[in-house]
Amino acid sequence: MTRSTAEIPVALRAERDHAAPAEVERPRVLLVDDDDRNLLAVATVLEDLGEVVTARSGDEALRHLLKGEFAVILLDVYMPGMDGYEAAQIIRSREQSKRIPIVFLSAVNKEAEHLMRGYEMGAVDYVFKPVDPIILRSKVAVFVDLFAKTKEIERKASQEQALLDVALKANAERLKAEQDLRRAEQRQAVIIQSLPIILYLEPLGCKPRCPRFVSGDLHALTGFNFSDVVERPELWHERLHRDEKKRVLAALDERDQTGRLSVEYRWKCADGTYRHFHDQAVLLKDPQGNPIEYAGTLTDVTDRRLLESQLVQAQKMDAIGKLTGGIAHDFNNLLAAVIGGIGLIERRAKLTEEDQRILTMTKRAADQGSELVRRLLAFARRQQLEPAPIDIAALHDGVNDLLSHTLGGLVELQWKIAPDVGAAFADRPQLELALMNLIINARDAMPEGGTIVVSAENRTASDDDPLPLHEGDYVVISVIDRGCGISPELLDKVLEPFFTTKEVGKGTGLGLSMVYGFAKQTGGTLNIESKVGVGTCTELWLPRATGNAARKGPRSNVSQDPVAQRSLRILLIDDHAEVRGTTAAMLRDLGHSTVDVGTGAEGVEILSADERKFDLLVTDYAMPRLSGTEVIKLARQHVTDLPALIVTGYADMDEVSERPSDVGLLLKPFTVHDLSRAVQGAVESR
């Protein structure tokens with residue numbers, strides 16, 4: 001290159017000065033020449049077309065190409081080191097630069113041979129020196145404009161692609177939102193279908209009721225389809241329970257005034273059964289406040305009502321049990337005086353045959369009262385039990401002997417005991433009594449005679465079972481009859497004490513309640529299933545014993561004669577005058593001397609006056625101000641080794657709290673023999 005900058009016309013400079021301002025991202029032109037004057041001159045000519053980047057060698061040009069894009073390369077042919085041909089060949093061999101147009105700048109070699117070589121090396125044009133500025137600008141402007149348009153196309157394509165991507169993303173998000181909404185609606189529909197609830201819309205002033213929209217499984221809830229309701233608008237009104245109609249219709253009239261409805265009622269379903277529904281509705285209004293329609297829900301609350309009924313029944317039974325336990329305590333005090341007095345009369349008096357007969361009748365009546373109290377305590381689950389493993393086969397033999405003369409000739413007792421049935425863990429006499437009650441009830445349910453089946457098998461209870469049982473292994477003894485059965489409305493009442501379906505004078509109403517109380521106290525339960533005209537199955541669930549040993553027979557009868565023992569000095573404390581007098585007489589008949597007082601304070605005062613005066617302290621438990629256990633603690637502050645015996649009308653050991661371990665417990669009513677053995681045990685324990 002030999003032409004200097006001064007050779008560039010002034011007019012071209014002016015045109016360049018008035019050119020449009022460069023864009024923010026101007027196309028770049030790479031100018032490669034080893035002559036600084038040529039670089040300056042050409043750069044001045046082209047600077048308004050784009051950003052001119054200069055390089056003084058082929059190596060420097062290649063480094064620039066690694067850093068960015070160029071619209072065109074102006075490459076001097078002859079340069080020291082790497083000439084233009086070699087540089088062009090390398091540029092064309094690289095992927096990132098092979099498509100950039102190359103224009104050779106040459107001062108010599110205009111021959112065809114050199115031109116062809118340049119084109120072979122990748123040149124698109126030649127510009128010969130001295131450079132004509134107009135021609136050079138025209139040639140470069142073509143490539144710069146082409147580059148700019150290409151970039152503009154790419155930019156627009158990129159923008160369009162970005163817009164397309166945004167649109168696709170928006171469509172995808174909208175589609176996903178629609179799918180999520182559809183799935184949510186489906187889930188809600190499934191949930192509503194599975195719940196015992198109906199959603200409805202009901203027009204204003206529709207009489208009788210005629211909903212125009214229903215959502216939910218109406219058929220599963222009522223047995224009717226929505227089409228049935230549409231075809232028969234009077235269906236809802238017709239199937240209201242007759243005892244509920246007046247109240248429910250009044251609630252509907254009130255809804256028209258208040259815009260709200262909340263009412264529960266019984267409604268007869270398609271299968272003929274009544275279910276409890278909770279009907280709620282509110283008045284919908286438009287934005288102007290004008291009423292449109294009622295929106296409401298119909299919920300099946302039958303199970304909730306059943307649970308509430310069971311809870312009320314359980315609370316009632318618990319209250320009756322507590323009341324019964326208290327009454328039994330008072331009865332025991334009375335019976336203690338009666339039975340003790342009769343025993344004393346038998347021992348002391350010489351009676352005529354007629355007097356002995358009357359006394360025997362009185363004693364039998366007292367014994368029956370004592371049995372009645374035991375049944376009350378069994379229902380209240382406050383009796384003292386002595387549970388042990390019981391062999392069911394041996395129990396079978398014992399119960400058969402007890403009932404052999406009771407069932408009569410019309411009733412046959414059939415036993416079906418599973419070969420692998422385990423031992424039940426329970427109190428044997430109470431279990432025998434419970435079975436006798438169940439079998440006698442079954443006999444009474446079959447006045448025409450029949451077969452009573454008593455079966456026994458192993459069963460396992462889990463937390464999912466409807467019966468109120470802890471998870472574990474049980475022995476289930478079932479008593480099945482084919483008698484008259486029990487109606488559903490009476491089935492929940494048969495376990496209540498004194499409730500009976502028998503004629504007056506033919507039952508106390510304590511049989512099933514006693515069995516129920518015994519089963520609950522043992523850790524099991526009583527389950528009754530019955531159908532009128534078909535029969536009854538009563539299941540007695542008892543815990544299964546873990547060991548192999550079983551009590552195979554009834555307890556042996558002990559002698560009823562008093563135990564011979566030395567004469568003792570006894571301090572007797574009881575706030576009940578009759579019981580205190582009878583007990584003192586019984587102790588004196590046993591050869592003991594007694595001092596009897598009515599309060600604990602009096603007894604403690606006597607002991608404090610003479611610490612060595614007494615060999616034994618006998619005290620009632622439930623007394624005003626000082627209980628029996630408190631009396632014993634105060635007494636032992638004066639006489640530390642004083643033997644003691646507590647007498648109580650409570651049958652529940654837990655009721656006698658904080659009793660010292662060496663203090664015996666005697667339950668009322670008791671006989672002379674019971675008292676004698678208790679006294680001996682109390683003395684020996686110290």
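Everything numeric in this text was worked out from a predicted model, so none of it was measured.
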Please assess Arg544 against Thr460 for the test side chain to side chain contact (heavy atoms under 4.5 Å, CB included), listing each intermediate value before the final yes or no. CA-CA 9 Å; Arg544 197 186 312 171; Thr460 300; 4.2 Å; yes
Inspect the contact between Lys151 and Glu154 and indicate whether a charged nitrogen and a carboxylate oxygen are less than 4.0 angstrom apart. yes
Within a strict 4.5 Å, meaning less than it, do heavy atoms of the Met446 and Ile452 side chains meet? yes
In sequence, state the C-alpha distance, the side-chain angles, and the governing distance for Val579 and Asp620, and then conclude on side chain to side chain contact (heavy atoms under 4.5 Å, CB included). CA-CA 10 Å; Val579 176; Asp620 187 27; over 6 Å; no
To the nearest 0.5 Å, how far apart are CG in Leu235 and CH2 in Trp267? 4.5 Å
Would you call Glu244 and Arg247 a salt bridge, using N to O less than 4.0 angstrom? yes
Might you work through the side chain to side chain contact (heavy atoms under 4.5 Å, CB included) test for Val301 and Glu264, ending with a clear yes or no? CA-CA 9 Å; Val301 294; Glu264 287 190 19; 4.1 Å; yes
Tell me, do Leu431 and Ile390 make a side-chain contact under 4.5 Å, heavy atoms counted? yes
For Asp481 and Ala445, which heavy atoms make the closest approach, and how far apart are they? OD1-CB, 4.2 Å
Going through the checks in order, is the salt bridge (charged side-chain N to carboxylate O under 4.0 Å, His left out) test met by Arg305 and Glu308? CA-CA 5 Å; Arg305 284 287 165 265; Glu308 290 176 354; 2.2 Å; yes
Below 4.5 Å, heavy atoms only, C-beta onward: do Leu175 and Glu178 meet side chain to side chain? yes
Got more than 12 heavy atoms from elsewhere within 6.0 Å of NZ, Lys416? no
No-hydrogen, no-angle side-chain donor-acceptor test under 3.5 Å, Asp253 and Gln257: no
How long is the gap from CD1 on Ile197 to CG on Asp217, to the nearest 0.5 Å? 13.0 Å
Would you say that more than 12 heavy atoms from the other residues, nucleotides or ligands in this model lie under 6.0 Å from the CD of Glu448, or not? no
How many angstroms lie between CG in Asn290 and CG in Leu284, if you round to the nearest 0.5 Å? 13.0 Å
Among Ile198, Leu201, Leu199, exactly one meets side-chain contact (heavy atoms from CB on, under 4.5 Å) together with Ser215. Which residue is that? Leu199
Pairs satisfying salt bridge (charged side-chain N to carboxylate O under 4.0 Å, His left out), at least one member in residues 283-293, at least two apart: Arg212-Glu293
If I take atom CG from residue Leu221 and atom OG1 from residue Thr299, how far apart are they, to the nearest 0.5 angstrom? 8.5 Å
Just so I know, are the side chains of Thr629 and Tyr621 near enough to count as touching, which here means a heavy-atom distance under 4.5 Å? yes
Side-chain heavy atoms of Asn441 within contact of Val479, under 4.5 Å: no
Are the side chains of Tyr294 and Leu261 in touch, meaning some heavy atoms are under 4.5 Å apart? no
The test is side chain to side chain contact (heavy atoms under 4.5 Å, CB included); show your working for Trp236 and Leu298 and say whether it passes. CA-CA 12 Å; Trp236 176 82; Leu298 189 69; 5.8 Å; no
For residues 533-540, please give each side-chain donor-acceptor pair under 3.5 Å, one per line with the distance, not counting sequence neighbours.
from	atom 1	to	atom 2	distance (Å)
Thr536	OG1	Ser530	OG	2.8
Glu539	OE1	Asn527	ND2	3.4
Glu539	OE1	Trp541	NE1	3.2
Glu539	OE2	Arg459	NH1	3.3
Glu539	OE2	Arg459	NH2	3.2

Give a yes or no on whether the backbone of Gly524 and the side-chain of Thr522 come within a donor-acceptor separation of less than 3.5 Å. no
Is a donor on one side and an acceptor on the other found under 3.5 Å between the side chain of Asn458 and the backbone of Gly422? yes
Is any side-chain heavy atom of Pro468 closer than 4.5 Å to one of Lys520? yes
Please assess Asp180 against Lys176 for the test salt bridge (charged side-chain N to carboxylate O under 4.0 Å, His left out), listing each intermediate value before the final yes or no. CA-CA 6 Å; Asp180 291 344; Lys176 184 178 182 300; 3.0 Å; yes
Answer yes when Asp279 and Arg209 have at least one side-chain N-carboxylate O distance shorter than 4.0 Å, and no when they do not. yes
Please give me the minimum heavy-atom distance between Pro389 and Ala545, naming the atom from each residue. CB-CB, 3.8 Å
Matching residue for Phe518 among Leu542, Asn437, Leu526 - test: side-chain contact (heavy atoms from CB on, under 4.5 Å): Leu542
Asp256: partners by salt bridge (charged side-chain N to carboxylate O under 4.0 Å, His left out), with sequence neighbours left out: Lys207
Can you tell me how far OG of Ser158 sits from CG of Leu164, rounded to the nearest 0.5 angstrom? 11.5 Å
Using the disulfide (SG to SG under 2.5 Å) criterion, which residues pair with Cys269? Sequence neighbours excluded. none
Should we count CZ of Arg242 as having more than 12 external heavy atoms under 6.0 Å? no
Closest non-hydrogen atom pair, Pro624 against Asp575: CD-OD2, 3.6 Å
Heavy-atom closest pair, residues Pro211 and Tyr200: CB-CB, 4.3 Å
Any donor and acceptor pair, going by atom type alone, linking the side chain of Thr258 with main-chain N or O of Arg260 inside 3.5 Å? yes
In residues 270-277, what donor-acceptor pairs under 3.5 Å come from side-chain atoms, sequence neighbours left out?
from	atom 1	to	atom 2	distance (Å)
Asp271	OD1	Thr273	N	3.1
Asp271	OD1	Thr273	OG1	2.7
Asp271	OD2	Thr273	OG1	3.3
Arg275	NE	Asp300	OD2	2.7
Arg275	NH2	Asp300	OD2	3.0

Heavy-atom count around His241 NE2 within 6.0 Å, excluding the residue itself: above 12? yes
Side chain of Asp228, backbone of Asn225: donor and acceptor closer than 3.5 Å? yes
For Arg182, all residues meeting salt bridge (charged side-chain N to carboxylate O under 4.0 Å, His left out), sequence neighbours excluded: none
Please give me the minimum heavy-atom distance between His470 and Ala461, naming the atom from each residue. O-CB, 3.9 Å
Taking CD in Glu254 as the centre, count heavy atoms belonging to other residues, nucleotides or ligands within less than 6.0 Å. Is the count above 12? no
Do the non-hydrogen side-chain atoms of Thr222 and Arg239 ever get within less than 4.5 Å of each other? no
To the nearest 0.5 Å, how far apart are CD1 in Ile392 and CD1 in Ile477? 4.0 Å
Determine the minimum heavy-atom distance between Lys245 and His237, stating which atoms define it. CE-O, 3.4 Å
Do Arg428 and Glu432 meet the salt-bridge criterion of a basic N to acidic O distance under 4.0 Å? yes
